[in-house]
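Throughout, numbering of the chain's residues begins at 1 and tracks the sequence.
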Amino acid sequence: MSKKPYLFSSLPLVVGLLLWAKDGCRLSFWATKVASSLEVPIVEGMPELGFQTQIVWKEQYLSGIECPIFGLFLSLLFGLCVFIHQRRASTSSIGPSPS
């Protein structure tokens, strides 16, 4: 039995985990906007009077927990298909012997 098909069937899981890790391993669903805080002085030119926080929203896609879960389901599905295919191939090659 070759392990190469099983390695290929784990590819969706690896891609899903890498994409999820690249976006920050969020335990929530995907996001389409990202907030960033910016400190702005209350009065221009007079920072001693204090600062206020301005929130700037940016359009950006961040994947969530659904990405590795979807990769896991695809990997399990592909692995099951490979297992069934190899099992059928091994049983058909054994088959009944001609008398």
Please name the pair of heavy atoms, one in [X] and one in [Y], separated by the smallest distance, quoted to 0.1 Å.
X: Phe8; Y: Pro12; result: O-CD, 4.0 Å
X: Val34; Y: Gln60; result: CG2-OE1, 3.7 Å
X: Ser9; Y: Gly79; result: CB-N, 3.6 Å

Is a side-chain N or O of Glu66 found less than 3.5 angstrom from the main chain of Gly64, in a donor-acceptor match? yes

Flag, side chain of Ser75 to backbone of Leu13, donor-acceptor distance under 3.5 Å: yes

Checking side-chain contact (heavy atoms from CB on, under 4.5 Å) for the pair Ile65/Phe70: CA distance, chi angles, key distance, verdict? CA-CA 9 Å; Ile65 192 69; Phe70 185 65; over 6 Å; no

Do Tyr6 and Gln86 pass the side-chain contact (heavy atoms from CB on, under 4.5 Å) test, and can you show the C-alpha distance, the side-chain angles, and the key distance before you say yes or no? CA-CA 11 Å; Tyr6 288 110; Gln86 285 183 350; 3.5 Å; yes

Are any non-hydrogen side-chain atoms of Leu38 and Phe51 less than 4.5 angstrom apart? no

Rounded distance [0.5 Å steps], [atom1] in [X] versus [atom2] in [Y]:
X: Trp30; Y: Ser63; atom1: CH2; atom2: OG; value: 11.0 Å
X: Phe78; Y: Leu76; atom1: CZ; atom2: CG; value: 11.0 Å
X: Ile69; Y: Leu74; atom1: CD1; atom2: CG; value: 12.5 Å
X: Ser36; Y: Lys58; atom1: OG; atom2: NZ; value: 6.5 Å
X: Ser10; Y: Lys3; atom1: OG; atom2: NZ; value: 12.5 Å

Does [X] belong to the same Ile/Leu/Val/Met/Phe/Trp/Tyr cluster as [Y], with side-chain heavy atoms less than 4.5 Å apart forming each link?
X: Val43; Y: Val40; value: no
X: Val15; Y: Phe73; value: no
X: Leu7; Y: Leu17; value: no

For the residue pair Thr53 / Glu39, report whether a side-chain donor-acceptor contact shorter than 3.5 Å exists. yes

With sequence neighbours excluded, what pairs up with Arg26 under the side chain to side chain donor-acceptor pair (under 3.5 Å) test? Ser28

